[in-house]
Amino acid sequence: HIRPPLKNVRGVPLKEPIAKNFESVWDFCPDPTDILIATYPKAGTTWTQEIVDLLLHNGDTEACKRSSIVVRSPFLEISNPSPIPSGLDLLCKMSPPRIIKTHLPIQLVPEGFWENKCKVIYVARNAKDSLVSYYHFDRMNVTQCEPGSWENYIQKFMKGELSWGSWYDHVNGYWRERENRNILYLFYEDMKENLQREVERIKQHLDLSVTDDVIAHIAEKTSFEVMKENPMVNYTFRPFLDQSISPFMRKGEVGDWVNHFSASQLEIFDEHYEQQMKMSNIPFRTNL
Ligand code: A3P
């Protein structure tokens, strides 16, 4: 594997070959029953995918253990080299309801999702923890761009130069549209605080009839500790992820950023954050 270059697609940096194949993703026609899970990378995508799949299977963990999360919930824009199928290849072989993952910012999500009133779940995570998690992910994933030094990585994050673009634009884009487009806007921090409560919210949003006992069971089976040991969700099946550098299920905490930022880095980051988010009222939490 060679670390890919980034290419500008309608103002958003996307890595190759996703950028090259973007037009076919843009033409994707979803089914009205499709469920879209959208996030900026590292916000708890896999966690939410597993929860939704368990909800659709009424908490049957055995059913969900039959195949990896990438097959049960394809990644819309991912374009893999053969023989690994792309997200679009996987989707066309699936029957509804399909759980689709995307990291695309809202303006790049294919129009059909809105036209067909598909159920959408957005998960947001505070900027500092997202940045830390993304940095470690880019170190261990050779299909991502070279992360460079931590110092440099902070700069790239602030400038929106990482793949899938600006975190600030991403979280605000979905936030502004959440009511118009019936988007359930979740926070990683809320999930850490009370997972059962958030699973219940997802159930309501998806109009499912699942009992409280099953909700409690799902919350238990999607804890960090359980998912870390589950080979179907911990990404140990992906050879291009070097988990000896940093495990995919790394720490799963709120507030790990305190172990990464120096005092001066924090000052610069916080000042820039204030500027970028001054028009925004998203209630992010950086600690619990
Ligand atoms: P860390 O790197 O901070 O540990 P994504 O799936 O969007 O790539 O997000 C990955 C991040 O979510 C990682 O964060 C990972 O550990 C965390 N995560 C995955 N499953 C989790 C769970 N069940 N509980 C808490 N955090 C989880």
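Start at 1 and go down the list; that is how both ligands and their atoms are numbered.
- Asp138 and Tyr153 share a donor-acceptor pair across their side chains, judged by distance under 3.5 Å alone.
- For Ser246, there are no side chain to side chain donor-acceptor pair (under 3.5 Å) partners, not counting sequence neighbours.
- Gln243 and Thr236 share no side-chain donor-acceptor pair at under 3.5 Å.
- Side chains of Ser86 and Ser79: no donor on one and acceptor on the other come within 3.5 Å.
- When each of Lys42, Lys251, Lys192, Arg125 is paired with Asp256, the salt bridge (charged side-chain N to carboxylate O under 4.0 Å, His left out) condition holds for Lys251 and for no other.
- Of the N and O atoms on the side chains of Asp213 and His217, not one donor lies less than 3.5 Å from an acceptor on the other residue.
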Which atom pairs, nitrogen or oxygen on both sides, join ligand 1 and the protein at under 3.5 angstrom?
| residue | atom | partner | partner atom | Å |
| --- | --- | --- | --- | --- |
| ligand 1 | 2 (O) | Ser133 | OG | 2.6 |
| ligand 1 | 2 (O) | Arg250 | NE | 2.8 |
| ligand 1 | 3 (O) | Arg125 | NH1 | 3.4 |
| ligand 1 | 3 (O) | Arg125 | NH2 | 2.9 |
| ligand 1 | 3 (O) | Arg250 | NH2 | 3.0 |
| ligand 1 | 4 (O) | Lys251 | N | 2.7 |
| ligand 1 | 4 (O) | Gly252 | N | 2.7 |
| ligand 1 | 6 (O) | Thr45 | N | 3.4 |
| ligand 1 | 6 (O) | Thr46 | N | 2.9 |
| ligand 1 | 6 (O) | Thr46 | OG1 | 2.6 |
| ligand 1 | 7 (O) | Lys42 | N | 3.2 |
| ligand 1 | 7 (O) | Ala43 | N | 3.3 |
| ligand 1 | 7 (O) | Gly44 | N | 3.1 |
| ligand 1 | 7 (O) | Thr45 | N | 2.8 |
| ligand 1 | 7 (O) | Thr45 | OG1 | 2.4 |
| ligand 1 | 8 (O) | Lys42 | NZ | 2.8 |
| ligand 1 | 9 (O) | Gly44 | N | 3.4 |
| ligand 1 | 14 (O) | Arg125 | NH1 | 3.2 |
| ligand 1 | 14 (O) | Ser133 | OG | 3.4 |
| ligand 1 | 16 (O) | Arg250 | N | 3.4 |
| ligand 1 | 23 (N) | Trp47 | NE1 | 3.2 |
| ligand 1 | 23 (N) | Thr222 | O | 2.9 |
| ligand 1 | 23 (N) | Phe224 | N | 3.4 |
| ligand 1 | 26 (N) | Tyr188 | OH | 2.8 |

